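Some notes on the structure that comes next.
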Amino acid sequence: MAKDNYLEKLNPPQREAVTHPEGPLMIIAGAGSGKTRVLTYRIAWLIEQGVDPFNILSLTFTNKAAGEMRQRIEAVIGNDAKNLWMGTFHSVFAKILRFEGKRLGYTSDFTIYDTDDSRSLMRTIIKELGLDDKTYKPNYVLNRISSAKNALVSWEAYANNPVYMEDDKAARMPEIGRLYKMYVLRCFQANAMDFDDLLYNTNVLFRDHLDVLNKYQHKFKHVMVDEFQDTNVSQYLITRKLSSVHQNICIVGDDAQSIYAFRGANIQNILNFKADYPDLKVVKLEQNYRSTQTIVNAANSVIARNKEQLEKNVFSENEEGSKIDVIKAASDNEEGRLIATNIFEEKNNNSLKNTDFAILYRTNAQSRAFEEALRKLNIKYRIVGGLSFYQRKEIKDLLAYLRFTINQNDEEAFKRIINLPKRGIGDTTVAKIVVTAAENGKSVWEVVSNINQYIAGRAAQTIDDFATLIKSYGLLIEEGKDAHTVASYIAKTSGLLKELYDDKTVEGLARYENIQELLNSIKQFVDNPENEEVTLSAFLQTVTLMTTADQEDEDGDHDRVTLMTIHGAKGLEFKYVYIVGLEENLFPSQMMLSKRSDLEEERRLFYVAITRAEKKLTLSYAESRYNYGRLNYCEPSRFLEEIDPKYLQISRSRVISYGNSDARNDRPATSSPVPAGFTKKETLISNLRPVQKAAPVNHTPTGDFVASDTSNLKAGDKVEHPKFGYGTVTKMDINGNDRKATIKFDAQGQGEKTLLLSFAKLRIVE
DNA sequence: GACAGAACTGGGTTT
DNA sequence: CAGTTCTGTC
């Protein structure tokens, strides 16, 4: 291959980063500064210097990013690129655990539990321990466990840690430590790891098996980590250990784009990186090649409000570009129509493609209004994220069969398929089997395959038949049949496919096609020459770790408008970007506001969203929005005020026509009382019009507002709310843990509000 | 044990 | 509202 003079295409700091010979390197890469290009060329450069691709480990944020980077490297250095170790933390270390997991007592066929599996297992354990799942919400407990694991706190350490114990007691869940223990044991018995275990166990592996650590330390002469600002403690320690021999660790990141704290990402990793590596070389990439000056400057004016950040000066030398549009809509549905119309017009006026547009929102639930509006205008779109293909019931059903065939200890897969298709085995029998297994310290499969020793009667025969069926699948695996052969055989003989085939409803048909599609993708997996191993076991490992961003379009039509959450948009760019739903309590989210921690992460999220745009940015918000079937009034997000107004251009608010059929979608909640003398339709109009301007809301930080303990709050108490001011409790509504206080606020126009005490921060006024 | 309809209950981002 | 769990009936 002709020598590519790629170094000449780089600016000085980029070139410096690419050609840094040895030793720790930190690349602070501002948004749009050509980070991927630098990372790609650096790997190519290293290989040109004689480093074997086999000795390079590159950790990316999505598997798709890894694949694209591999292709770009291939374009520079040729075929050798396929020997690079590239992928997400989870997929790379899942692969290593497949090789080395037996040191920790797992087989190479361990299952990876996804969030649903974890939740289902936790629910089972909570029930078995006789705890109330209204108090112990499985998701909450799992979050606690997850953050413990990400901080490398074992269940033993958790139970012995007074801080955790006090916190749990204060949250009235003193048994979380016990649940953690049970959960870990059950996963282990099932030969299963959850997402956090993949990292946690890698740490344990490297801690307790120095020969293994040594092997990989010497193998990976260069370790690179992309999106370093989003690594957690567990991931950081892995990379530090792996690179401690050669000290060739190269991290790339942007502290301003750290948006995953909720799953344990620790921004301190990047802020303090220098402390761990005294002879660290730091390169800053500050020129933005992606966006117009207006967009870059507006983004800077927002992020400047954050305190904690590394000093840098991101700038653009591109054209100035047009101002940022701000659109105000009357309702969420109107927001959808305005944005869709806007896309339609821009597309026609500037002859653009659908792929040039992206609509970014804070929560997946917001997509609906945009889908409807785009469909009406015949604009093709794709939704990234949300309920993914692999979360559909029928897909999970077949996958459960496949999982159980590979790993008969997989309790969650077992529970899913034992009565599917219906074979007359109910919850009672299943619970009996699971409990029998747990009590005897046996796996579920040991009980099932010797069912006659444990239970007698009608169910026993059915279960025995089921065991025989699974054993017959096992034979196929032993014969070394590929994933597709086994999977289609199982789909046919398990009765799953037949059941769906017989279902002639529209949904049934769609489900049948989904199964076929899954089988197709397994076929593709088998036929892909890049996959060395095409067994069912190998396929299952990749499936669970598929990122939402990794998923392909369902058909060949790629020219679509993209709808996704801001989190999903990380690393992507679009000519036209619409950031929608800019309302208080939505973005920034209510939960962030009620935690009253600083809003720095939400602000970074806004920054990420803004910097996705190349040419033109549009912001929008609605004045009212449906929430659980109720129409709520919204106020514009504080973030809108944080952009320097000189970059903004406020569109005139449009009046929607109430008379047409669309207005029905904008109707107020049926629960709103129709005032005397009004017809329903008239209330509709008066409700939509901001009749009463809300009292001015003070957005400035409330300083040291300290919320009181509201567990004994009662009617008549005087309270202060940081936003709504002083008020009096008029009514308490207690329903288990769901405690609501209705408060009459003194301020004009505030009126009465009912607040959920678990969210509201109130100060009781003496 | 299966199913239909009633009652209830979420409150966010994802590997 | 939408998705899940509970309850009553066959």
Side-chain angles (χ1 to χ4, degrees), chain A residues 59-65 87-94 112-116 118-119 123 133-134 137 139-140 142-143 146 149-150 193-199 227 230-232 234-235 258-265 332 360-366 368 384-388 390-391 393 419 422-430 458-459 462 542 544-550 564-570 581 585-595 601-602 604-605 608-609 625-632 665 667 669-671 735-738 740 755-756 758-760:
Chain A
L59 297 163
T60 55
F61 204 71
T62 62
N63 289 306
K64 195 177 175 190
T88 62
F89 270 93
H90 289 87
S91 66
V92 166
F93 294 108
I112 299 170
Y113 273 179
D114 68 12
T115 324
D116 288 342
S118 300
R119 199 180 302 127
R123 201 169 283 135
D133 67 356
K134 295 228 166 64
K137 300 228 170 85
N139 277 334
Y140 179 88
L142 284 168
N143 272 334
S146 172
K149 280 184 184 167
N150 285 328
M193 299 191 201
D194 66 16
F195 289 127
D196 303 318
D197 286 335
L198 294 173
L199 305 172
E227 307 282 7
D230 286 321
T231 54
N232 58 37
S234 183
Q235 292 167 319
S258 168
I259 53 173
Y260 279 99
F262 69 89
R263 67 175 204 215
D332 46 357
L360 306 181
Y361 34 75
R362 179 68 235 268
T363 71
N364 281 310
Q366 284 164 256
R368 205 209 75 251
V384 182
L387 188 64
S388 85
Y390 289 99
Q391 286 173 308
K393 184 189 174 300
N419 199 27
K422 302 262 161 22
R423 43 184 137 241
I425 297 173
D427 296 345
T428 332
T429 317
V430 174
R458 193 160 37 96
T462 327
T542 52
T544 324
L545 295 176
M546 285 269 272
T547 327
T548 43
D550 292 333
M564 55 165 69
T565 62
I566 301 169
H567 283 90
K570 189 162 85 153
N585 294 329
L586 185 58
F587 189 20
S589 83
Q590 184 176 28
M591 276 193 162
M592 278 296 186
L593 288 166
S594 59
K595 276 184 196 154
E601 176 148 317
E602 292 283 293
R604 289 193 294 266
L605 196 55
V608 168
R625 180 177 294 278
Y626 273 97
N627 218 334
Y628 295 103
R630 254 157 242 222
L631 192 69
N632 295 326
N665 295 327
R667 74 194 187 286
T670 45
S671 58
N735 182 8
N737 278 356
D738 206 0
K740 290 175 191 154
L755 304 172
L756 202 54
S758 45
F759 285 115

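The chains referred to below are lettered A, B, ... by the order of the sequence lines, with proteins before strands, and numbering in each begins at 1. These numbers come from a predicted model, not from an experiment.
Centre separation under 5.5 Å together with a plane angle under 30° holds for the ring of Phe262(A) and the six-membered base ring of dT13(B), marking them as stacked.
Note on Asn364(A): only backbone sugar-phosphate atoms sit closer than 4.0 angstrom, heavy atoms only; bases stay farther off. Nucleic acid contact class of Glu227(A) (heavy atoms, under 4.0 Å, all strands): none. At a threshold of 4.0 angstrom between heavy atoms, the contacts of Phe89(A) with the nucleic acid are absent. Among the atoms of the strands shown, only primed sugar atoms or phosphate atoms (P, OP1, OP2) are found under 4.0 Å from some heavy atom of Asn419(A).
Each of Thr565(A), Val608(A), Ile566(A) was compared with Leu360(A) under the side chain to side chain contact (heavy atoms under 4.5 Å, CB included) criterion, and only Ile566(A) meets it.
Between Lys570(A) and Met564(A) there is no side-chain heavy-atom pair separated by less than 4.5 Å. A 4.5 Å side-chain heavy-atom check between Tyr260(A) and Glu601(A) finds every atom pair outside the cut-off.
Candidate nucleotides dT15(B), dC3(B), dG12(B) were compared by shortest atom distance to the side chain of Lys422(A), and dC3(B) ranks first. Distances from the side chain of Thr565(A) to the nucleotides dG12(B), dT14(B), dG1(B) place dT14(B) closest.
In terms of polar N and O atoms assigned as donor or acceptor, the side chain of Gln366(A) never comes within less than 3.5 Å of the base of dG12(B) in a complementary pairing. Residue-to-nucleotide contacts include no donor-acceptor pair under 3.5 Å from the side chain of Arg263(A) to the base of dT15(B).
In this structure, the side chain of His567(A) engages the main chain of Ile259(A) through a donor-acceptor pair within 3.5 Å.
Going from the P atom of dT13(B) to that of dT4(C) covers 15 Å, rounded to whole Å.
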